[in-house]
Amino acid sequence: MAGTEAARAAGGAATTATVFERFRALHHGPEPLLLPNAWDHASAAVLAAAGFAAVGTTSLGVAAAAGKPDAAGVTRAETLALARRIAHLNVPVTVDIEDGFGGSPAQVAELAGSLTAMGIAGINIEDGRGDRLADPGEQAELIRAIKDSAPHLFVNARTDPFWLGMPGALAEAVRRVRIYADAGADGVFVPGATAGRDLETLAAAAGVPLNVLVQPGVPPSRLAEVGVRRISFGSLLFRAALGAITGTARAVAAGGHPVAEVPSYDEIQRLAGPEDEEGRRLAGPEDEEGSAAGGPRR
């Protein structure tokens, strides 16, 4: 965790820095920002507690946890509720808003303003529209509207030519990252781009921090060498968690042991949300029932 601790120090050394300034600084530190993606309060809190310098959200995780499809514009309420719940963490938080949930520039700008008011440091907004890409001019209009409404918010503009397997994906991605950076995007995200030469070309073309997905087996230092400044985990952790759930259930049912290290009940309990104005933990009905029953819950 040495890299994440160094990034945390770079982002939070000045106690007077705003969350927006801290988050922006993490994109210009000695190492790329490693950004793990959470889907609920517990996953965000445990990642912050593990020493990561910032936490993002995964739209797939948020959608799947609610029993809804990803990238369909149907999780605005869930996304806002999660943002409100994790904005209190002691690290900057950035939120994936898909394509803005299908809103007009004014509606997306209003959403960005609401997130900023909560203390959210950044957003991720994509140009993918199912099996096609948005018109780049219209996407640039969304980005400009967001920056006009929330100038301090770090806008990470995602473009999906590689993700969609388009012919000439590199040239199209280069064209779009330039347009989005000119519209005011603070960073650009090109999922699916993995080749070193492609990443070098994209980083040089964008002129703002380049974000890519984590590549298991490829050290962050190698991605830094080709110009990457932010490395997101995307939905990897959510999918890994589901794999651990089924693997552990099967292993224990067969008389074995969990497939990975399992945090204790008390460790998870300590990740509970903020306290109220009198210093009491905000508890739900389940917590009160468990307390009344006596003894630790498992």
Side-chain angles (χ1 to χ4, degrees), residues 7 23-24 26-29 31-38 52-62 70-71 79 92-101 108 112 115 120-129 132-134 136 139-140 142-144 146-147 153-166 169-196 198-215 218 220 223-224 226-238:
F23 189 55
R24 188 175 301 278
L26 290 171
H27 295 77
H28 301 281
E31 301 172 355
L33 168 61
L34 283 174
L35 186 73
N37 299 83
F52 286 93
V55 173
T57 66
T58 161
S59 64
L60 175 65
V62 172
D70 184 28
T79 299
V93 173
T94 181
V95 171
D96 189 330
I97 62 168
E98 298 186 2
D99 65 356
F101 302 112
V108 177
L115 291 168
I120 296 300
I123 60 168
N124 196 75
I125 186 164
E126 63 198 52
D127 64 6
R129 303 291 188 271
R132 65 179 182 86
L133 295 175
Q139 192 72 4
L142 282 179
I143 293 167
R144 281 192 290 268
I146 292 168
K147 293 301 292 185
L153 191 69
F154 191 102
V155 177
N156 198 42
R158 170 178 146 180
T159 188
D160 287 357
F162 284 91
W163 209 240
L164 296 177
M166 294 177 59
L170 176 60
E172 184 62 19
V174 165
R175 182 171 81 97
R176 286 173 177 267
V177 299
R178 286 174 172 161
I179 291 172
Y180 301 160
D182 287 344
D186 302 283
V188 292
F189 181 22
V190 190
T194 58
D198 289 351
L199 297 178
E200 287 180 338
T201 299
L202 288 163
V208 294
L210 174 64
N211 179 194
V212 299
L213 285 174
V214 66
Q215 298 179 37
V218 178
L223 294 175
V226 294
V228 171
R229 300 305 309 151
R230 170 165 153 180
I231 304 169
S232 298
F233 283 66
S235 64
L236 175 62
L237 300 180
F238 176 71

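These numbers come from the heavy atoms of this one structure, side chains and all, not from hydrogens, waters or symmetry mates. Counting begins at 1 with the first residue of the sequence.
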- [ ] Identify the two heavy atoms, one from Trp163 and one from Gly192, that lie closest to each other, and give their separation to 0.1 Å.
- [x] CE3-N, 3.7 Å
TODO: List the atom of Ala112, the atom of Ile146, and the distance in Å for their closest heavy-atom pair.
DONE: CB-CG2, 3.7 Å
- [ ] Output the distance between atom CG (Leu210) and atom CZ (Arg230), rounded to the nearest 0.5 Å.
- [x] 10.5 Å
Open item on the list: A side-chain contact here means heavy atoms from C-beta on lying under 4.5 Å apart; do Thr58 and Leu237 qualify?
Closed with: no
Task: Verdict with supporting geometry, Met166 and Leu133, side-chain contact (heavy atoms from CB on, under 4.5 Å) - done: CA-CA 10 Å; Met166 294 177 59; Leu133 295 175; 3.3 Å; yes
TODO: First locate atom CG of Leu33, then atom NE2 of His28, and finally report the distance between them rounded to the nearest 0.5 Å.
DONE: 10.5 Å
- [ ] Mind listing the closest non-hydrogen atom pair of Val174 and Val177 along with its distance?
- [x] O-CG2, 3.3 Å
Open item on the list: Could you work out, with side-chain hydrogen bond (donor to acceptor under 3.5 Å, both in side chains) as the rule, every residue matching Thr79, not counting sequence neighbours?
Closed with: none
- [ ] Could you grab the distance from atom CD1 of Ile120 to atom CD1 of Ile97, nearest 0.5 Å is fine?
- [x] 11.5 Å
Open item on the list: Using every non-hydrogen atom in the two residues, find where Ala193 and Leu199 come nearest and quote the distance to one decimal.
Closed with: O-CD2, 3.6 Å
TODO: Output, in order, the C-alpha distance, side-chain angles, deciding distance and verdict of side-chain contact (heavy atoms from CB on, under 4.5 Å) for Val212 and Thr194.
DONE: CA-CA 8 Å; Val212 299; Thr194 58; over 6 Å; no
Task: Value rounded to 0.5 Å, distance of CG in Leu223 from CZ in Arg229 - done: 11.0 Å
- [ ] Mind checking salt bridge (Lys or Arg N to Asp or Glu O under 4.0 Å) for Arg129 and listing every partner two or more places apart, or none if nothing turns up?
- [x] Asp99
- [ ] Starting at CG of Asp96, measure out to CD of Glu98 and round the result to the nearest 0.5 Å.
- [x] 6.5 Å
Open item on the list: Can you list everything that forms a ring pair (Phe, Tyr, Trp, His ring centres under 6.0 Å) with Phe238? Sequence neighbours excluded, please.
Closed with: Trp39
TODO: Taking the side chain as every heavy atom from C-beta outward, state whether Thr159 and Gln139 have any pair of such atoms under 4.5 Å apart.
DONE: no
Open item on the list: The criterion is ring pair (Phe, Tyr, Trp, His ring centres under 6.0 Å); which residues satisfy it with Phe189, sequence neighbours excluded?
Closed with: none
- [ ] For Asp198, check side-chain hydrogen bond (donor to acceptor under 3.5 Å, both in side chains) against everything at least two apart and list the hits.
- [x] none
Task: From OG1 (Thr94) to CD1 (Ile123), nearest 0.5 Å - done: 7.5 Å
Report, one line per pair, each donor and acceptor closer than 3.5 Å where one atom sits in a side chain of residues 200-209; sequence neighbours left out.
{"residue": "Thr201", "atom": "OG1", "partner": "Arg197", "partner atom": "O", "Å": "3.0"}

Task: Residues that Ile179 engages under side-chain contact (heavy atoms from CB on, under 4.5 Å), provided they are two or more places apart - done: Pro136, Ala140, Arg175
Task: Which residues share a side-chain contact (heavy atoms from CB on, under 4.5 Å) with Ala157, sequence neighbours left out - done: Ile143, Tyr180, Ala185
Open item on the list: Suppose we screen for side-chain hydrogen bond (donor to acceptor under 3.5 Å, both in side chains). Which residues come up paired with Asp182, at least two apart in sequence or across chains?
Closed with: none
Task: side-chain hydrogen bond (donor to acceptor under 3.5 Å, both in side chains) involving Ser232 - partner list, sequence neighbours excluded - done: Asn211
Open item on the list: Please enumerate all residues that pass side-chain contact (heavy atoms from CB on, under 4.5 Å) together with Ala121, with sequence neighbours excluded.
Closed with: Val19, Phe23, Pro92
Task: Candidate pair His27 and Asp186, rule side-chain contact (heavy atoms from CB on, under 4.5 Å), full reasoning - done: CA-CA 10 Å; His27 295 77; Asp186 302 283; over 6 Å; no
Open item on the list: Please find the pair of heavy atoms, one from Pro161 and one from Ala169, that lie closest to each other, and give the distance.
Closed with: CB-O, 3.6 Å
Open item on the list: Which residue is it: Leu60, Val62, Asp70? I am looking for the one with a side chain to side chain contact (heavy atoms under 4.5 Å, CB included) to Ser235.
Closed with: Leu60
Open item on the list: Tell me the closest heavy-atom pair linking Phe162 and Ala173, and the distance in Å.
Closed with: CE1-CB, 4.0 Å
Task: With sequence neighbours excluded, residues passing side-chain contact (heavy atoms from CB on, under 4.5 Å) with Ala71 - done: Glu126
